[in-house]
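Just so we're on the same page: letters track the sequence lines, and every chain starts at 1.
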2 protein chains.
Amino acid sequence: MSSQERSAPRRRNPRGQGQVLKAQLVDAAAKLLSTLDQPETLTLRQVAREVGVAPASIYSHFPDLGALIQHVLRLRYEELARLMDQAAQSAPDPLVDLVARCAAYVRWGVGQPGHYRTLFGGRMPDDLVPGSAHGAGAELLEAVVTSLAAAAEGERRQPSAEQQWQAGLMLWTALHGLVSLYNDHGNIPWPPLDDLIADLLSLHTGRPAAEIAALLPQCGDDPGLAPDSI
Amino acid sequence: MSSQERSAPRRRNPRGQGQVLKAQLVDAAAKLLSTLDQPETLTLRQVAREVGVAPASIYSHFPDLGALIQHVLRLRYEELARLMDQAAQSAPDPLVDLVARCAAYVRWGVGQPGHYRTLFGGRMPDDLVPGSAHGAGAELLEAVVTSLAAAAEGERRQPSAEQQWQAGLMLWTALHGLVSLYNDHGNIPWPPLDDLIADLLSLHTGRPAAEIAALLPQCGDDPGLAPDSI
DNA sequence: GCACTAACCAACGGTTGTTTACTTAAGTAA
DNA sequence: TTACTTAAGTAAACAACCGTTGGTTAGTGC
């Protein structure tokens, strides 16, 4: 697994290029976080080994291990938020917006199980997860609540603010439960993911599942960002 | 936290009472598993300290740390299954059965966050979690699927077996997401738990939330087992 | 006294995060 | 070219843990 056991003493970066190692450290930590069975067992020395550098060298770029992890998590969190916003940015109406947003959420979570668990699994100490400090993805949640409420316009009865909030919460918990169990229990026979997303959104919007399914963006649509950054 | 630093060398148990320590070890491990922020970082030496015993003494009763943890998890799993069955055993009809079962699940999960995470959080290595080896609470899931299908009898269209399975899955993911997020993110303003349960079951059964809420057993009903065994 | 059981002590080999002191090399200015 | 400065990274050590083992002690009941 490790690229180099003890091969070359590693070509040192030139004078002003100290940031190169920093980027390598971030990439390696991200890769390990998403690869490890238990992301919270990420080790400073693992990162150092992955990059091929001495453990102490990390302290030139991050004050401690926690700061490195926190930096990686912040990047992932921003990536997810950006992805959801991009998915919804050209939506012609609130329902499409909601569907695109939720589909992006689920697909990102299923596509990156390690990162998802690390961000939303509640495993990391709270002060390490960026969103958690402000309410665990509060921005994402609020966007979903807003979209859901807007999509529910024109219903028979206008729900109160509390009801809107509760409905959004329920939707988020359902999305989270779907991603979590889908990721953690691959051994049970899951239906196609898109069917589940459509079914879930159908339940929470009251629209027929077929209508939702027709609105689901294709998997290849709007990748948002190429998988270059790991 | 630890009861005794290094006080007395611990009164030795009498001749035939070697099992006393075993029970104490199980209790201590269970307590630590439910208390620790990261249950998977449970340590043999932590258990030994909690009981006030030398680390090596554990090996008289369990072959290794994994066996001890596995034993504790099996107990918790059986406790949850028994609790759900007891909650539903005197249900007059499938809907009440379903509501009682799901309410028991959620309440147990919310009442014992550490145990719930340990069992269903996907944190432990698979071979340590008893249910996971056979499909992660497959029995619980099947019971829910059955109840949900029975409760949906008399609907307009009879769903196919696949549809029943998918509906049960969706219900379980929703329950799991609710418990997980409720436990992990206490900082966001949650509505009363019973409201959420009623709302969730209302979505998944198509019945009015008020009807479900009326069926919810009171919190004190049928404790099933006293909180004696930790 | 003797056998047995319950539990202990000390150690081994390993891991971890972090610190301190040091080396090497690149760029800069004389 | 040579000397100086400073960034980049290393090596070695530290103290704290970990799971596990082998051999040992001390009480108990016959």
Rounding to a whole Å, what distance do you find between A:Gln46:CD and C:dT16:C1'?
10 Å

Please report, rounded to the nearest Å, how far the P atom of D:dC17 is from the CG atom of B:Leu65.
17 Å

Below 4.0 angstrom, N of the basic side chain to O of the carboxylate: do B:Arg76 and B:Glu79 qualify?
yes

What is the distance, to the nearest angstrom, from the CZ atom on B:Arg49 to the C1' atom on C:dC9?
17 Å

Hey, does A:His61 have a side-chain heavy atom less than 4.5 Å from the side chain of A:Leu21?
yes

Regarding the side chain of A:Ala56, the nearest nucleotide among C:dG17, D:dT20, C:dT20 is C:dT20

Nearest whole angstrom, please: distance from the C1' of C:dT18 to the NE2 of A:His61.
16 Å

Using the closest heavy atom to pick a nucleotide of DNA chain D for each, name whichever of B:Pro55 or A:Ile58 lands nearer the 5' end.
A:Ile58

Send over the distance from B:Arg45 CZ to C:dC8 C1', rounded to a whole Å.
13 Å

Using a heavy-atom cut-off of under 4.0 Å over every strand shown, decide if A:Thr43 touches base, sugar-phosphate, or nothing.
sugar-phosphate

Can you tell whether the side chains of B:Lys31 and B:Asp27 come within less than 4.0 Å, N to carboxylate O?
no

Interatomic distance, A:Leu44 CG vs D:dG9 P [rounded to whole Å]
15 Å

Length of the CD-C1' vector between B:Gln38 and D:dC17, whole Å
15 Å

Donor-acceptor pair, A:Thr146 side chain versus A:Glu142 backbone, under 3.5 Å?
yes

Output the rounded distance in Å from OH (A:Tyr59) to P (C:dT19).
6 Å

With the side chain of A:Ser57 defined as its heavy atoms from C-beta on, choose the nearest nucleotide among C:dT18, D:dG19, D:dG9.
D:dG9

